[in-house]
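Reading through the structure tokens given below for one structure.
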Number of protein chains: 2
Amino acid sequence: MAKRTSAPIAPALPLDEILEGDCIEVMNALPAGSVDMIFADPPYNLQLQGELRRPNESRVDGVDDDWDRFDSFAAYDGFSRDWLQAAQRVLKDDGTLWVIGSYHNIFRVGATLQDIGFWILNDIVWRKTNPMPNFRGKRFTNAHETLVWCAKSAAAKRYTFNYAATKAMNDDLQMRSDWVIPICSGRERLKIDGSKAHPTQKPEALLHRVLVASTRPGDVVLDPFFGTGTTGAVARRLRRHFIGIEQDPVYARLAQRRIEAVEPATEDTVATTESRRDAPRVPFGWLVERGLIPPGTVLTDQRRRHHARVRADGTLVAADITGSIHQVGAHLLGAPSCNGWAFWHVEERGKAVPLDHFRQQLRATMN
Amino acid sequence: MAKRTSAPIAPALPLDEILEGDCIEVMNALPAGSVDMIFADPPYNLQLQGELRRPNESRVDGVDDDWDRFDSFAAYDGFSRDWLQAAQRVLKDDGTLWVIGSYHNIFRVGATLQDIGFWILNDIVWRKTNPMPNFRGKRFTNAHETLVWCAKSAAAKRYTFNYAATKAMNDDLQMRSDWVIPICSGRERLKIDGSKAHPTQKPEALLHRVLVASTRPGDVVLDPFFGTGTTGAVARRLRRHFIGIEQDPVYARLAQRRIEAVEPATEDTVATTESRRDAPRVPFGWLVERGLIPPGTVLTDQRRRHHARVRADGTLVAADITGSIHQVGAHLLGAPSCNGWAFWHVEERGKAVPLDHFRQQLRATMN
DNA sequence: AAGCCCGCTGAATCGTAGC
DNA sequence: CGCTACGATTCAGCGGGCT
């Protein structure tokens with residue numbers, strides 16, 4: 001599947017732009033069958049009532065924006081049907097759609113997209129390492145969100161799924177339907193005057209995995225609920241094209257600035273692995289996904305005699321070889337095997353820090 | 001919540017029996033509002049058109065080469081609506097319903113149960129430690145199933161959730177919405193002539209957690225798609241009553257034998273961990289009355305920033321307010337409310353001991 | 001400099017018994 | 001039924017400030 005190159009792009013398609021307006025109208029103005037993948041993070045229809053306080057009496061800043069309010073399930077279903085149908089039209093026949101949601105809306109969205117003919121390939125569970133607790137002890141901690149990944153129709157068998165790349169990212173084990181990724185916080189979280197710029201900003205690591213798994217470099221990715229542009233930022237870094245649609249001009253401008261600051265990875269590092277690889281014992285790809293080791297990072301051995309660069313799927317490229325951190329290390333050493341975690345280092349403030357250090361960091365966040 | 005004892009059981013309710021027949025008809029023959037919890041593992045083969053009924057009770061005649069997806073989904077939705085409505089009728093007002101499914105059916109079931117008024121409390125992800133791989137490498141490994149847990153209606157606030165028990169089960173951390181449990185295999189898997197007796201037998205560990213979390217000993221648990229009786233076996237072990245409904249007499253007999261072999265745990269071991277909510281109420285005045293906290297005692301918060309003195313009637317007096325331990329604490333904090341038992345402390349040998357400590361002493365003497 | 005402590009925050013459908 | 005008072009309840013991670 002990953003061997004095909006992208007089809008020629010229709011001239012009318014605005015690439016790497018943010019279109020302001022209602023996503024249904026904007027999508028209907030785009031040429032049919034023109035985008036490779038759609039990632040959608042629609043309103044969840046949370047229906048929050050009243051306020052919630054933490055045990056220490058501080059107030060939880062819930063989602064109470066107008067765009068998340070619907071009068072009834074029927075109204076929400078009508079909205080879902082409308083934007084999903086518009087999305088289906090602009091999608092190429094071999095394109096795929098991702099939608100993310102919570103139990104408030106995802107069952108309705110899933111049923112609606114089945115109703116209009118989308119064909120579910122997987123439901124993916126985003127398991128949060130650091131969810132908000134249930135402060136009143138009335139329910140289980142709501143520690144995940146759900147993504148639905150689907151093809152345009154049951155007849156569409158030729159969608160893009162970079163199987164080898166996802167496997168390489170995951171210890172050469174098949175990537176599972178449950179993904180462990182922290183929520184977006186700290187530096188990555190966009191702020192305005194010290195408070196969160198957008199109530200529902202998604203982590204870049206989530207989009208990284210989505211894009212590496214289901215698109216190829218040069219593909220066109222549409223996000224009809226663009227918000228602060230996480231999809232666009234990750235697409236640019238991974239050398240995919242994006243089309244963002246956002247109703248709120250404040251968010252649109254914020255996204256624009258954010259994306260402009262993104263440095264695209266070099267072309268060779270975003271190429272997806274196409275062949276089988278021998279197994280690294282720990283998924284180095286996760287470090288890349290989380291941004292601990294960005295694509296393009298130069299790795300060296302302890303004494304800086306050997307060099308290699310990191311690709312988006314967690315493989316390395318050196319002078320005359322591409323492969324896992326272990327394979328490339330072994331090749332350069334002329335040794336039968338090599339522990340890449342100990343062999344490869346990242347330059348940090350004049351020191352060569354072994355990869356294993358970063359692995360431990362990641363493990364610490366995953367408990 | 002766990003303080004309540006089970007309501008008296010209607011005489012007509014068949015307990016710890018397997019009822020053979022169509023679950024909708026059998027449920028409709030049971031008294032309304034009579035069961036505490038329902039666990040359902042409905043069929044999800046969307047091509048079982050011949051066995052499905054439309055909402056208007058007409059049978060769906062499928063079985064053709066040009067069967068149409070929309071008819072199939074509609075038929076499945078009608079079937080879901082029928083059994084869910086029957087389940088809603090037999091459920092007590094403060095009862096809860098669990099449904100398990102995969103991406104093939106869970107979105108439709110979830111939307112349907114919302115449509116008829118069930119109120120979702122959590123969606124739970126059963127994360128399988130040992131899922132079947134995706135052999136063709138066309139998708140992510142489908143490594144989970146989804147459970148939806150809901151109350152009978154949005155108005156029903158008094159469902160059973162053994163918060164303290166679930167927390168105790170999980171290293172004293174809140175139980176999350178993602179559960180890691182192996183699939184049912186090995187000895188636990190029922191076999192007939194060496195091959196599996198039922199295609200979708202669920203692990204007992206899954207039912208164990210469901211029952212411990214959402215039922216009390218003596219509760220009545222109904223399973224409308226009983227299969228080989230995992231729900232019944234675990235219910236018997238945990239001293240809950242069950243009602244199983246199963247269409248297939250072969251499965252029903254298998255379940256019967258299986259359950260008969262189960263030894264119920266002793267009563268003391270199935271008691272759920274008591275949460276503070278369930279403990280008998282002790283007014284602060286009783287502590288004063290008994291001399292544990294003499295009138296005139298000076299109370300402070302943990303950091304000694306606030307002070308108040310105890311009066312003989314169990315009220316506190318601070319600089320500018322008099323009232324209950326909660327009222328005075330809230331006033332001093334400028335908070336809308338305050339748990340005085342945790343807020344106020346007594347100086348004892350240089351340590352600030354919370355009032356709750358003295359309450360526990362008194363409770364111990366009261367049995 | 002490193003480490004500890006404290007405060008803040010995140011897509012949240014988060015009371016109830018008793019009068 | 002409405003009102004009032006009681007009183008139960010949090011995890012991981014980041015960042016700032018202090019030692």
Side-chain angles (χ1 to χ4, degrees), chain A residues 41-65 67-69 100-106 126 128-146 182-189 191 194-196 198-203 225 227 361 364-367, chain B residues 1 3-4 94 114 119-123 150-151 154 157-159 161 163-164 167 170-177 275-285 303 323-327 329-330 335-344 355-356 359:
Chain A
D41 182 9
Y44 287 10
N45 189 23
L46 288 189
Q47 304 177 270
L48 303 180
Q49 316 232 342
E51 66 173 18
L52 177 64
R53 285 173 181 272
R54 298 185 181 80
N56 65 6
E57 296 292 349
S58 66
R59 216 167 56 81
V60 174
D61 184 13
V63 177
D64 57 355
D65 306 67
W67 49 256
D68 196 44
R69 280 199 271 266
I100 183 167
S102 65
Y103 67 82
H104 308 82
N105 71 321
I106 198 64
W126 166 26
K128 304 178 185 183
T129 56
N130 47 354
M132 185 156 60
N134 185 285
F135 296 116
R136 315 303 295 234
K138 304 300 287 183
R139 304 179 176 196
F140 299 99
T141 305
N142 190 8
H144 73 278
E145 293 187 28
T146 302
I183 62 174
C184 179
S185 66
R187 287 251 166 80
E188 191 187 322
R189 188 89 192 198
K191 300 280 172 69
S195 60
K196 59 185 174 189
H198 191 283
T200 71
Q201 185 181 341
K202 296 294 178 288
F225 306 97
Q361 280 192 344
T365 72
M366 290 167 45
N367 71 336
Chain B
M1 280 180 272
K3 210 196 279 182
R4 272 174 313 126
D94 57 359
Q114 285 182 310
W119 189 247
I120 298 180
L121 298 168
N122 280 113
D123 59 333
C150 47
K157 299 284 183 194
R158 263 177 49 108
Y159 55 90
F161 176 52
Y163 174 71
K167 193 172 173 180
N170 191 44
D171 250 350
D172 277 346
L173 287 180
Q174 288 192 341
M175 183 88 74
R176 299 166 40 113
S177 56
S275 70
R276 301 171 65 177
R277 296 192 176 92
D278 306 321
R281 203 179 82 86
V282 176
F284 176 63
R303 301 196 190 169
S324 72
I325 54 172
H326 314 295
Q327 288 171 327
S337 69
C338 168
N339 180 351
W341 294 106
F343 179 74
W344 291 113
L355 284 190
D356 194 54
R359 179 168 60 164

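Nothing here was measured: the structure is a model prediction, and the numbers come from that model. Order of the sequence lines sets the chain letters (A, B, ...), proteins ahead of strands, with each chain counted from 1.
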Please tabulate the protein-to-nucleotide N/O contacts below 3.5 Å involving nucleotides 17-19 of chain D, giving atom names and distances.
none

Checklist outcome for this item: By side-chain hydrogen bond (donor to acceptor under 3.5 Å, both in side chains), A:Lys202 pairs with (sequence neighbours left out) A:Asp41
Item to check | Contacts of type side-chain hydrogen bond (donor to acceptor under 3.5 Å, both in side chains), residue B:Gln174, not counting sequence neighbours | outcome: A:Thr141, B:Tyr163
Checklist entry - At what distance, to the nearest 0.5 angstrom, does NZ of A:Lys196 lie from CZ of A:Arg189? => result 5.5 Å
Checklist entry - Should A:Phe140 and B:Asp123 be marked as a side-chain contact (heavy atoms from CB on, under 4.5 Å) after you check the CA-CA gap, both sets of side-chain angles, and the distance that decides it? => result CA-CA 9 Å; A:Phe140 299 99; B:Asp123 59 333; over 6 Å; no
Checklist entry - To the nearest 0.5 Å, how far apart are CD1 in A:Ile100 and OG1 in A:Thr146? => result 8.5 Å
Would you tabulate the pairs of protein nitrogen or oxygen atoms and nucleotide nitrogen or oxygen atoms of nucleotides 6-8 of chain D closer than 3.5 angstrom?
| from | atom 1 | to | atom 2 | distance (Å) |
| --- | --- | --- | --- | --- |
| D:dC6 | OP2 | B:Ser324 | OG | 3.1 |
| D:dC6 | O3' | B:Arg281 | NH1 | 3.1 |
| D:dG7 | OP1 | B:Arg281 | NH1 | 3.0 |
| D:dG7 | OP2 | B:His326 | NE2 | 3.1 |
| D:dG7 | OP2 | B:Trp341 | NE1 | 3.3 |
| D:dA8 | OP1 | B:Arg359 | NH1 | 3.4 |
| D:dA8 | OP2 | B:Arg276 | NH2 | 3.4 |
| D:dA8 | OP2 | B:Arg359 | NH2 | 2.7 |
| D:dA8 | N1 | A:Arg136 | NH2 | 3.0 |
| D:dA8 | N3 | A:Arg136 | NH2 | 3.3 |

Checklist entry - What are the two closest non-hydrogen atoms of A:Asn105 and A:Pro42, and how far apart are they? => result ND2-CG, 4.4 Å
Checklist entry - When rounded to the nearest Å, what value does the distance between P atoms of C:dT9 and D:dT9 take? => result 25 Å
Item to check | Integer-rounded Å distance: C:dA17 C1' and B:Lys157 NZ | outcome: 16 Å
Next on the checklist: If I pick the P atom on D:dA8 and the same atom on C:dA12, what distance separates them, to the nearest angstrom?
Outcome noted: 26 Å
Next on the checklist: Please tell me if B:Lys167 has a side-chain N or O lying less than 4.0 Å from either OP1 or OP2 of D:dT10.
Outcome noted: yes
Checklist entry - Mind checking the P distance from C:dA11 to D:dC6? Whole angstroms is fine. => result 36 Å
Item to check | Contact summary for A:Glu57 and B:Ala335, nearest pair of heavy atoms | outcome: CG-CB, 4.0 Å
Checklist entry - Between atom CG in B:Asp123 and atom C1' in C:dC14, what is the gap in whole Å? => result 16 Å
Item to check | Listed partners of A:Arg54 passing side chain to side chain contact (heavy atoms under 4.5 Å, CB included), at least two apart | outcome: A:Asn56, A:Ser58, A:Val60, A:Phe135
Checklist entry - Who pairs with B:Asp356 by side-chain hydrogen bond (donor to acceptor under 3.5 Å, both in side chains), at least two apart in sequence or on another chain? => result B:Arg276, B:Arg359, B:Gln360
Checklist outcome for this item: The residue, A:Gly186 or A:Arg53, whose nearest nucleotide of DNA chain D is more 5′ is A:Arg53
Next on the checklist: For a quick test of reading the model: is some side-chain N or O of B:Tyr163 closer than 4.0 Å to OP1 or OP2 of C:dG15?
Outcome noted: no
Item to check | Donor-acceptor pair, side chain of B:Gln327 and main chain of B:Ser324, under 3.5 angstrom | outcome: yes
Next on the checklist: Can you list everything that forms a side chain to side chain contact (heavy atoms under 4.5 Å, CB included) with A:Ile183? Sequence neighbours excluded, please.
Outcome noted: A:Trp126, A:Lys128, A:Asn130
Checklist entry - What integer number of Å spans the C1' atoms of C:dT13 and D:dG13? => result 26 Å
Next on the checklist: For the C1' atoms, the ones on C:dA1 and on D:dT19, what distance do you get once it is rounded to whole angstrom?
Outcome noted: 12 Å
Next on the checklist: Please enumerate all residues that pass side-chain hydrogen bond (donor to acceptor under 3.5 Å, both in side chains) together with B:His326, with sequence neighbours excluded.
Outcome noted: none
Checklist entry - Partners of A:Arg136 by side chain to side chain contact (heavy atoms under 4.5 Å, CB included), sequence neighbours excluded? => result A:Leu52, A:Asn134, A:Lys138
Item to check | Partner residues of A:Glu51 under the side chain to side chain contact (heavy atoms under 4.5 Å, CB included) criterion, sequence neighbours left out | outcome: A:Arg53, A:Arg59
Next on the checklist: What's the gap between D:dG7 and C:dC14 when it is taken at their P atoms, as a whole Å value?
Outcome noted: 23 Å
Next on the checklist: Checking understanding here: a glycosidic angle within 90° of 0 is syn, the rest anti, so what is C:dT13?
Outcome noted: syn
Item to check | Under 4.0 Å protein heavy-atom contacts per nucleotide of nucleotides 1-13 of chain C, with B for base, S for backbone only and - for none | outcome: ------S-BBBBB
Item to check | DNA chain D: stems of at least 3 consecutive Watson-Crick or G-U pairs whose donor-acceptor distances fall under 3.5 Å | outcome: C:2-10 with D:11-19, C:15-19 with D:2-6
